[in-house]
Amino acid sequence: MEKDTDTTKTPIPAIPTYESSEQPSQETPSSPQDDYRPQLARTPSAPPYTIFTHRTKMFIVASVSISSLISPFGATTFYPALNDLAQDLHVTPTLINLSLTTYMIAQGIAPAFIAGMSDNSGRRFSFIVCFVIFTIANVGLALQTNYAALLVLRMVQAFGCSAAIALCTAVVADIATSAERGKYMGYATAGLLIGPAFGPTIGGILDQYLGWRSTFYFLAIFGGVLLVIFTFLFPETCRNVVGNGSIPARGVSLSILGYIQQRRHAREVQAEEDLEQASIQLSVRRRKIAFPNPLRTLKILGEKESCIVLLYNGCFFTGMIGFATPIIPVLYAEIYGLSTLDIGLCYITMGMGSLTSALTTGHLVDWNFRRHARRLGMIITKGKQQDLRNFPIEKVRLEVVVPGHIIGTLALLAFGWTLEFRTALAGPEIALYFIGFGVSTAFNITNTLILDLHRDRPATATSAVNFVRCLMSAGGAAVILPMCHAMNPGWAFTLVALVYVALLPVVFLIMAKGQKWRTQLAEKKDRAKMAKAAAAAVVDVEASSNDDGRPSSEKEKGTGT
């Protein structure tokens with residue numbers, strides 16, 4: 001026991017460490033072999049990853065999940081009203097559909113501006129700014145009377161949705177360790193994934209009884225409610241601002257719930273922990289509000305592993321949002337003769353599939369994490385973050401993706417052919433359920449993997465995910481209907497399914513090579529940091545040599561050099 005304790009007092013630089021249990025009696029190695037495994041070096045005095053209680057974390061996750069509804073609601077609530085909107089604005093349905101494409105493009109670009117600001121200045125400020133923009137844009141959309149105003153305000157509306165998109169999963173990274181992140185990620189993204197199912201239903205009801213303008217008034221009220229909740233209750237979670245939550249928030253970062261949480265923590269903490277938390281507070285650098293820099297998002301696309309994961313994520317998500325969702329109003333009306341309200345109700349099955357995935361697969365992902373940790377002898381302590389440098393996180397996450405990938409691919413194939421053979425409505429509806437389940441599973445888990453690869457800038461990483469998926473979905477929505485008319489729905493979705501079959505080996509490639517790529521990238525970054533530090537040291541030496549006020553050339557003359 002004494003030998004193990006002495007080892008932890010003198011940590012070896014550049015060797016990854018894992019947090020262990022806080023109880024010293026449980027830190028004794030199970031075998032002498034553990035003494036010679038540097039990756040299991042222990043730091044029992046490490047602070048908790050977050051001071052937020054389980055109840056507070058569930059409130060935070062529920063809040064961001066509900067807020068993420070504004071993105072799919074903004075895109076889909078007026079799907080059933082497209083024909084009425086075209087008639088009132090005196091334009092063709094094709095031009096109205098163009099507003100869907102511009103919305104998706106703007107939604108893909110806008111989070112790149114907000115993500116960097118939130119990583120440096122806090123989540124609350126970004127949420128509040130975007131909710132204000134979203135609410136104002138929807139009021140304008142409800143009052144506008146011409147097509148040009150529709151296009152412009154739709155792009156402004158998309159910018160207002162960007163906080164929910166870029167920050168939803170970033171907040172999870174702030175408060176949840178890698179060992180428990182799968183569960184919380186599933187809950188947090190539930191709103192983003194079930195929104196496309198319930199948005200058209202709500203829009204169909206509102207359009208049928210109150211007119212298309214009521215859909216935008218509904219969104220304005222929804223955005224106003226979110227603004228009130230986040231302004232007064234939502235606590236700041238950004239680790240660059242409040243650390244693990246123990247650093248007192250200031251100004252716009254302070255909320256009622258955050259204040260209560262910090263007061264409770266101050267009462268419960270012991271004297272020794274007070275000193276530890278004080279050192280943590282000094283180590284976290286206060287940052288000013290940073291000007292948005294979208295190039296940070298594009299930089300992530302330049303990393304080999306991240307780029308492959310992002311392209312896979314975008315391609316698979318396009319199957320649900322870019323291919324299946326946009327054609328339902330057209331083909332269901334042609335084949336089954338459904339009304340606007342009935343078509344809106346048909347989206348619910350896909351939403352139920354997404355919700356099933358969100359509530360189940362996250363627990364499976366966390367179980368797989370614990371299974372691999374036991375196999376490698378890595379100790380997982382609740383509330384302590386794990387060092388993933390020598391941990392096969394790619395394999396842990398993507399092993400669960402494979403079944404979801406297969407289910408989603410088969411469901412897309414079945415969806416196309418049930419429409420082609422004009423089966424009973426139950427046929428494509430069952431296929432939609434499994435599309436929602438399979439695609440949501442792959443989407444959630446690859447999102448979690450991206451956060452694991454970029455734990456220091458989660459909002460920027462999430463905006464990169466959104467940038468890729470939105471642009472791909474916009475392209476998919478533009479081509480799927482012409483494909484169905486030219487090839488028939490069966491062969492159109494067979495072509496899509498074949499693309500996804502070709503994508504499956506990419507999953508196994510990342511599992512096999514991902515950890516090696518990640519290590520190479522980390523070494524490259526370390527060399528760049530060392531070179532930068534060396535250059536800074538040379539500048540400091542030169543500056544100190546001139547501290548007597550004489551130019552260096554005069555010093556050289558004086559010394560005869």
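Everything quoted here is computed from the prediction, not taken from an experiment. Along the sequence shown, residues carry numbers from 1.
Counting all heavy atoms, side chain and backbone alike, C315 lies closest to M472 at N-SD, 3.4 Å. Between S63 and F230, the shortest heavy-atom distance links the atoms O-CZ, 3.7 Å. Across every non-hydrogen atom of L388 and S178, the tightest pair is CD1-OG, 3.5 Å. Scanning both residues, A75 and Y103, for their nearest heavy atoms gives CB-CE2, 3.3 Å. Residues A461 and I300 approach most closely at CA-CD1, 3.5 Å, considering heavy atoms. Of all heavy-atom pairs between A188 and S68, the closest is O-OG, 3.9 Å.
Between the side chain of Q144 and the main chain of L141, a donor-acceptor pair closer than 3.5 Å is present. Side-chain N or O atoms of T441 include none that pairs as donor or acceptor with a backbone N or O of S357 at under 3.5 Å. Listed for the N466 side chain is a donor-acceptor partner under 3.5 Å among the backbone atoms of Q107. Using a distance-only test at 3.5 Å, with no hydrogens or angles considered, no donor-acceptor pair links the side chain of T77 to the main chain of G74. Under the 3.5 Å distance criterion, the side-chain polar atoms of S65 are left unmatched by any main-chain donor or acceptor of V61. When atom types are taken as modelled, the side chain of N244 and the backbone of I51 share no donor-acceptor pair closer than 3.5 angstrom. Remark: side-chain polar atoms of S354 are paired, donor with acceptor, to backbone N or O of M350 under 3.5 angstrom.
The shortest distance between side-chain heavy atoms of E394 and L453 falls below 4.5 Å. The side-chain heavy atoms of F316 and H405, taken from C-beta on, include a pair separated by under 4.5 Å. Side-chain contact between L233 and F59 is present, with heavy atoms from C-beta onward closer than 4.5 Å. Side-chain contact between T56 and I60 is present, with at least one heavy-atom pair separated by less than 4.5 Å. Residues N313 and V468 are not in side-chain contact: their nearest non-hydrogen atoms beyond the backbone lie 4.5 Å or more apart. Considering only heavy atoms from C-beta on, S67 stays 4.5 Å or farther from I229 through its side chain. At a threshold of 4.5 Å between non-hydrogen side-chain atoms, the residues R250 and V241 do not count as touching. Between F216 and V139, every side-chain heavy-atom pair lies at or beyond the 4.5 Å cut-off.
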Is there a side chain to side chain contact (heavy atoms under 4.5 Å, CB included) between L521 and E305? Walk through the geometry before answering.
CA-CA 9 Å; L521 181 62; E305 181 180 8; over 6 Å; no
Test log, rule side chain to side chain contact (heavy atoms under 4.5 Å, CB included), inputs I105 and M155
CA-CA 8 Å; I105 294 174; M155 288 188 286; over 6 Å; no
Check the pair V64, F127 against side chain to side chain contact (heavy atoms under 4.5 Å, CB included), reporting the backbone distance first and the verdict last.
CA-CA 10 Å; V64 298; F127 271 120; 4.1 Å; yes
Applying side chain to side chain contact (heavy atoms under 4.5 Å, CB included) to F134 and L219, what does each step give before you reach the verdict?
CA-CA 8 Å; F134 180 77; L219 293 175; 4.1 Å; yes
For F369 and F391: C-alpha separation, side-chain torsions, deciding distance, then whether ring pair (Phe, Tyr, Trp, His ring centres under 6.0 Å) applies.
CA-CA 10 Å; F369 188 102; F391 188 73; 4.8 Å; yes
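Using cut-offs of 30° and 60° on the angle between ring planes, the pair Y184 and Y187 is perpendicular. Note on ring orientation: taking the six-membered ring where Trp is involved, the planes of F218 and F73 are tilted (angle from 30° to 60°).
Here the CG atom belonging to L226 is positioned 4.5 Å from the CZ atom belonging to F131, to the nearest 0.5 angstrom. With values rounded to the nearest 0.5 angstrom, L151 atom CG is found 5.0 Å from T102 atom OG1. Distance check, rounded to the nearest 0.5 Å: CG of N444 to OG1 of T189 gives 3.0 Å. Atom CZ of R397 and atom OG1 of T446 lie 11.5 Å apart (nearest 0.5 Å). Once rounded to the nearest 0.5 Å, the distance linking CD1 of I450 with OG1 of T169 reads 10.0 Å. Put simply, CD1 on I308 and NZ on K513 are 11.5 Å apart, with the number rounded to the nearest 0.5 Å.
Atom NZ of K532 has 12 or fewer neighbouring heavy atoms from other residues, nucleotides or ligands inside a 6.0 Å radius.
For the salt bridge (Lys or Arg N to Asp or Glu O under 4.0 Å) test with E303, the passing option among K524, R518, K525 is K525; the others fail. Put simply, the residue from R455, K57, R123, R124 that forms a salt bridge (Lys or Arg N to Asp or Glu O under 4.0 Å) with D174 is R123.
A donor-acceptor contact under 3.5 angstrom links the side chains of N138 and Q157, judged on distance only.
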